[in-house]
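Structure record follows, encoded as structure tokens.
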2 protein chains.
Amino acid sequence: MRVLLIEDTTGLGEAVRDQIRDDGHAVDWVQSLSFAEVSVKATSYNLILLDLMLPDGNGFDFLKSLRKSGNSTPVIILTARDQVSDRIEGLNAGADDYLIKPFDLSELSARVGAVARRYRGDPNPLVKIGHLEIDLCEHRIRANGQAVELTAREWALFEGFVQRPGTLLSRSQLEDRLYQFGAEIESNTIEVYISRLRKKLGRDVIITVRNMGYRLETYEH
Amino acid sequence: MRVLLIEDTTGLGEAVRDQIRDDGHAVDWVQSLSFAEVSVKATSYNLILLDLMLPDGNGFDFLKSLRKSGNSTPVIILTARDQVSDRIEGLNAGADDYLIKPFDLSELSARVGAVARRYRGDPNPLVKIGHLEIDLCEHRIRANGQAVELTAREWALFEGFVQRPGTLLSRSQLEDRLYQFGAEIESNTIEVYISRLRKKLGRDVIITVRNMGYRLETYEH
DNA sequence: CCGCGTCATTCAGGTTAATGTCAGGTCGAT
DNA sequence: ATCGACCTGACATTAACCTGAATGACGCGG
């Protein structure tokens with residue numbers, strides 16, 4: 001399942017993201033509404049987790065305009081305990097459920113799992129990039145129709161590219177995908193994994209941008 | 001599709017029954033848990049609609065014991081809006097979805113239809129994967145024509161794979177199939193059951209993806 | 001209430017493959 | 001030509017995984 005997490009608090013965001021990943025779902029995490037709007041237009045999600053207090057605007061308005069534009073993706077609101085009126089307003093605005101902060105991660109899992117069960121059987125969106133077919137939900141990749149197996153780290157890295165195709169990703173951004181907490185890394189691990197990905201997926205899939213980082217090539221040439 | 005409706009309120013029960021009948025499904029309507037238990041043992045349903053407030057007991061306990069006995073029929077809980085904790089507990093106990101009373105009959109139809117679609121997906125209830133023939137309704141498996149007996153736990157696990165063939169299932173997803181949500185597991189139970197399934201069904205049926213989980217192999221080697 | 005069998009769970013020891021590191025090479029910019 | 005950045009084959013380490021066997025829980029018939 002594809003989940004969009006909209007949450008500006010870094011600590012909470014990381015925890016939620018990791019938990020949902022452990023449950024086997026693909027997570028995009030954005031920290032502001034402006035990014036959320038771009039993501040929603042670019043991708044189709046199965047679930048949106050929406051914090052209401054955000055730096056650049058009100059979550060309600062985002063939710064309302066989402067619904068107004070015909071998007072019926074399930075939305076679970078993340079809100080603080082005392083804001084009762086928020087919860088009511090949220091449900092009225094078209095949310096499917098809400099979670100009261102601070103919430104238990106297993107409770108989060110339960111709700112997300114319930115949505116996932118509801119969507120079971122629906123076809124997953126396949127991302128096609130050149131000769132690759134990527135199913136982010138099922139963690140499957142085909143290269144020229146042949147299934148390709150990636151290891152955990154390889155997948156973690158590659159998923160980052162697929163979620164932002166064509167975007168330049170810096171080394172530190174990639175490190176954050178491999179290791180939980182900005183763990184310092186002194187060796188050339190990134191390079192090694194890029195190398196392994198290229199070996200499995202094809203030489204031209206990932207382009208290196210000298211002194212800057214890497215990006216996913218989005219078209220066949 | 002066969003639906004079991006467990007609801008003691010007469011008016012609501014009639015309305016729901018009629019609606020689902022109109023949608024073309026066969027409905028059994030019982031008004032207490034004691035009757036429900038008999039029905040569940042006598043018949044195999046595709047869906048159970050479960051009210052939580054019943055005269056002769058708690059809906060949760062019914063649901064839990066149902067799951068424990070290896071029955072994985074989809075369950076939709078009918079509950080009142082203000083009983084938030086009920087909903088959480090219901091999902092944790094193994095419900096697939098919930099409907100908040102008072103609910104719109106068309107919403108009921110939609111949810112029931114979603115479950116129906118899942119089961120109609122394969123007009124033939126027999127799923128064939130490699131040398132295996134799996135009857136999801138009857139809980140029966142044949143390997144090379146030979147019947148194979150699975151225990152309740154083994155089936156619970158294997159069913160998860162069959163419902164999403166080829167999909168990578170994480171450990172926590174598999175644990176959720178074996179136990180109620182949140183039940184922390186410290187030992188290698190999953191591995192043991194995978195091992196047993198492989199022994200009974202064939203070595204190559206389930207492949208392990210290290211550090212990530214397992215997946216059902218969908219083609220014959 | 002007691003034995004019996006079945007199933008669930010844990011443990012221990014062996015096996016395997018993912019992972020991070022390094023070394024030596026290639027490539028590109030200046 | 002030089003230097004730094006990047007690539008990649010090889011390898012030791014070790015967590016992850018597998019599985020036979022021991023232990024515990026549960027239900028059933030007598």
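Here is how names work: the chains are called A, B, and so on, in the same order as the sequence lines, proteins then strands, and each is numbered from 1. As a basis for the values below, the full set of heavy atoms in this structure was taken, side chains included, without hydrogen atoms, waters or symmetry mates.
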Phosphate oxygens OP1/OP2 of [N]: is one of them under 4.0 Å from a side-chain N or O of [X]?
X	N	result
A:T189	C:dT21	yes
B:T151	C:dT6	no
B:Y179	C:dT9	yes
B:S187	C:dT10	yes
B:Y193	D:dT19	no
B:Y214	D:dC18	yes

Atom pair distance, as rounded to whole Å: [atom1] in [X] and [atom2] in [N]:
X	N	atom1	atom2	answer
A:E191	D:dG4	CD	C1'	11 Å
A:I206	D:dC7	CD1	C1'	13 Å
A:E175	C:dT21	CD	P	11 Å
B:L150	C:dT6	CG	C1'	15 Å
B:M212	D:dA16	CE	C1'	14 Å
A:I207	D:dC7	CD1	P	11 Å
A:E154	C:dG20	CD	P	11 Å
A:N188	D:dC6	CG	P	11 Å

Strand contacts (DNA chain C) in residues 157-164 of chain A, 4.0 angstrom heavy-atom criterion: none
Nucleic acid contacts - residues 194-201 of chain B versus DNA chain D, non-hydrogen atoms under 4.0 Å: B:S195, B:R198, B:K199
Where the side chain of [X] is defined as all heavy atoms beyond and including C-beta, which of [options] is the nearest nucleotide?
X	options	answer
A:V192	C:dT21, D:dC17, D:dC6	C:dT21
A:R210	D:dA16, D:dG4, C:dT21	D:dG4
A:R171	C:dT19, D:dC6, C:dG20	D:dC6
B:N211	D:dT19, C:dT19, D:dG9	C:dT19

Donor-acceptor side-chain pairing of B:S172 and A:D23 below 3.5 angstrom: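 Yes, side-chain donor-acceptor contact under 3.5 Å.
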Donor-acceptor side-chain pairing of A:D28 and A:S39 below 3.5 angstrom: no
Whether over 12 other heavy atoms sit under 6.0 Å from A:F103 CZ: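 More than 12 within 6.0 Å, yes.
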Within 6.0 Å of CZ in A:R198, more than 12 heavy atoms from elsewhere: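 Yes, CZ of A:R198 has more than 12 neighbouring heavy atoms, counting only those of other groups under 6.0 Å.
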If I take atom [atom1] from residue [X] and atom [atom2] from residue [Y], how far apart are they, to the nearest 0.5 angstrom?
X	Y	atom1	atom2	value
A:L49	A:R17	CG	CZ	13.5 Å
A:R153	A:R196	CZ	CZ	11.5 Å
A:R203	A:L197	CZ	CG	11.0 Å
A:I194	A:L157	CD1	CG	5.0 Å
B:H131	B:N144	NE2	CG	5.0 Å

Quiz item: B:R153 side-chain donor-acceptor pair to C:dC7 base, under 3.5 Å: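 Such a pair does not exist between side chain and base.
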Whether the side chain of [X] engages the backbone of [Y] through a donor-acceptor N/O pair (distance < 3.5 Å, no angle test) should be reported.
X	Y	value
B:D51	B:I6	no
B:K200	B:E149	yes
A:E138	A:D135	no

Axis bend over the full length of the helix from C:dC1-D:dG30 to C:dT30-D:dA1, computed from five pairs that close each end, to 10 degrees: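 For the helix from C:dC1-D:dG30 to C:dT30-D:dA1, the axes at opposite ends meet at about 40°.
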Flag side-chain contact, heavy atom, 4.5 Å: B:T167 against A:H139: no
